[in-house]
Protein chains: 2
Amino acid sequence: MKPQDRYLPPEVCREVGSVLECIGDKWTILVMRTLDGGSLRFSELRRSISGVSQKMLTATLRALERDGFVTRTVTPTVPARVDYTMTDLGREVMVPLNALATWALRNQHRVSAARRSYDAKSARGK
Amino acid sequence: MKPQDRYLPPEVCREVGSVLECIGDKWTILVMRTLDGGSLRFSELRRSISGVSQKMLTATLRALERDGFVTRTVTPTVPARVDYTMTDLGREVMVPLNALATWALRNQHRVSAARRSYDAKSARGK
DNA sequence: CCGGATCCAATCCGATACTG
DNA sequence: CAGTATCGGATTGGATCCGG
């Protein structure tokens, strides 16, 4: 396989990239993994994911809704109740996504070891 | 499974997050998928990935090297030649990563359909 | 309870110019 | 060829305040 044959057509790249991009940002994977266990309302999600700000959780959920990965259901009680649920599409993408997360969980020590080694070398001026 | 049981300990989250984070940025997946086909030198990589700037390609490769996913080999000829190769660790993470990319490739149309639908609703003020 | 609006700091990233 | 250095615009993400 020659180098120049090793890429997809630009249009396809951009399409696929736009799918991977929405998964790549800071909170998306955490939110999806949390929701994959079952529907949750906003405040439950927020408590389950430590460190997420209200703004970012809202933004992340909006993006997931737009991409068709979660649905947003408003129950107009007072105060309002909003539930988030994975769609079929969302559950499908969780299969490869969970595989990746599982890999990360099992191999984090190898990555951090590589980092320590690299940083040690850099510190020695090499 | 209760909401509050649905998260990993914070330290683990941060560790796993740091692994997923490095994969999440703009060029990493493209670079890894390109290198997974075999070693390439800097200029070949740059030509294979349309749109990447020299600066970002360098930064992406440095991060991948630090994380132990690729090795950097300098051949001190004039001009210098630098080859990038996936490590065993890198090839391992490609398994779940390729699964995700394949999913994205096969389902891009469903995602873009969801987006069009969402945007159409938003435009109608709903 | 849910989330929009605003402000601001930090960073990302491309363009450009310069080095061994 | 394979970078490093620097600049500046764009984007990200947290904090805070406000409204339904």
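In what follows, chains carry the letters A, B, and so on, assigned in the order in which the sequence lines appear, proteins first and then strands, with residues in each chain numbered from 1.
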**Item:** CA sep, side-chain torsions, deciding dist, call: B/W103, A/V95, side chain to side chain contact (heavy atoms under 4.5 Å, CB included)
**Value:** CA-CA 9 Å; B/W103 187 94; A/V95 176; over 6 Å; no

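- Residues B/L105 and B/Q108 are in side-chain contact: their nearest non-hydrogen atoms beyond the backbone lie under 4.5 Å apart.
- Nearest nucleotide to the B/T58 side chain, out of D/dG13, D/dT4, D/dA2: D/dT4.
- Side-chain contact between B/M32 and B/L64: present, with at least one pair of heavy atoms (C-beta onward) separated by less than 4.5 Å.
- Out of D/dT4, C/dC2, C/dC13, the shortest distance to the side chain of B/K55 is found at C/dC13.
- Closest to the side chain of A/Y84, from the set D/dG3, C/dG3, D/dG14, is C/dG3.
- Taking only side-chain nitrogens and oxygens, B/R72 comes nearer than 4.0 Å to OP1 or OP2 of D/dG3.
- The nucleotide whose nearest atom lies closest to any side-chain atom of A/P79 is, among D/dT4, D/dA15, C/dC1, C/dC1.
- Atom CD in A/E21 sits roughly 11 Å away from atom C1' in D/dT11 (whole-Å rounding).
- Taking atom CD of B/E65 as the reference point, atom P of D/dA2 lies 15 Å away to the nearest angstrom.
- For A/S117 (side chain) and A/A113 (main-chain N/O), no donor-acceptor pair under 3.5 Å exists by modelled atom type.
- Picking from C/dG3, D/dG3, D/dG14 the nucleotide with the shortest atom distance to the side chain of B/V82 gives D/dG3.
- Between B/L57 atom CG and D/dG3 atom P there is a gap of 8 Å when expressed in whole angstrom units.
- Comparing A/D25 and A/Q54, the nucleotide of DNA chain D nearest to each residue sits closer to the 5' end for A/D25.
- When distances are taken from the side chain of B/S43 to each of C/dG3, D/dC1, D/dG3, the shortest belongs to D/dC1.
- With respect to the salt-bridge test (charged N to carboxylate O, under 4.0 angstrom), the residues B/D36 and B/R33 do not qualify.
- Of the candidate nucleotides C/dG14, D/dG3, D/dG14, C/dG14 has the atom nearest to the side chain of B/S53.
- Toward the 5' end of DNA chain C, the nearer of the two residues B/G51 and A/R62, judged by each one's closest nucleotide, is A/R62.
- Minimum atom distance to the side chain of A/R41 is reached by C/dC2, of the listed D/dC7, C/dC2, D/dA2.
- Each of B/R81 and A/M56 lies near DNA chain D, and the nucleotide nearest B/R81 is the one positioned closer to the 5' end.
- The separation between A/F42 atom CZ and C/dC1 atom P is 11 Å, rounded to whole Å.
- Among the protein residues, A/R46 comes within range of no part of the nucleic acid, since none of its heavy atoms lies under 4.0 Å from any strand.
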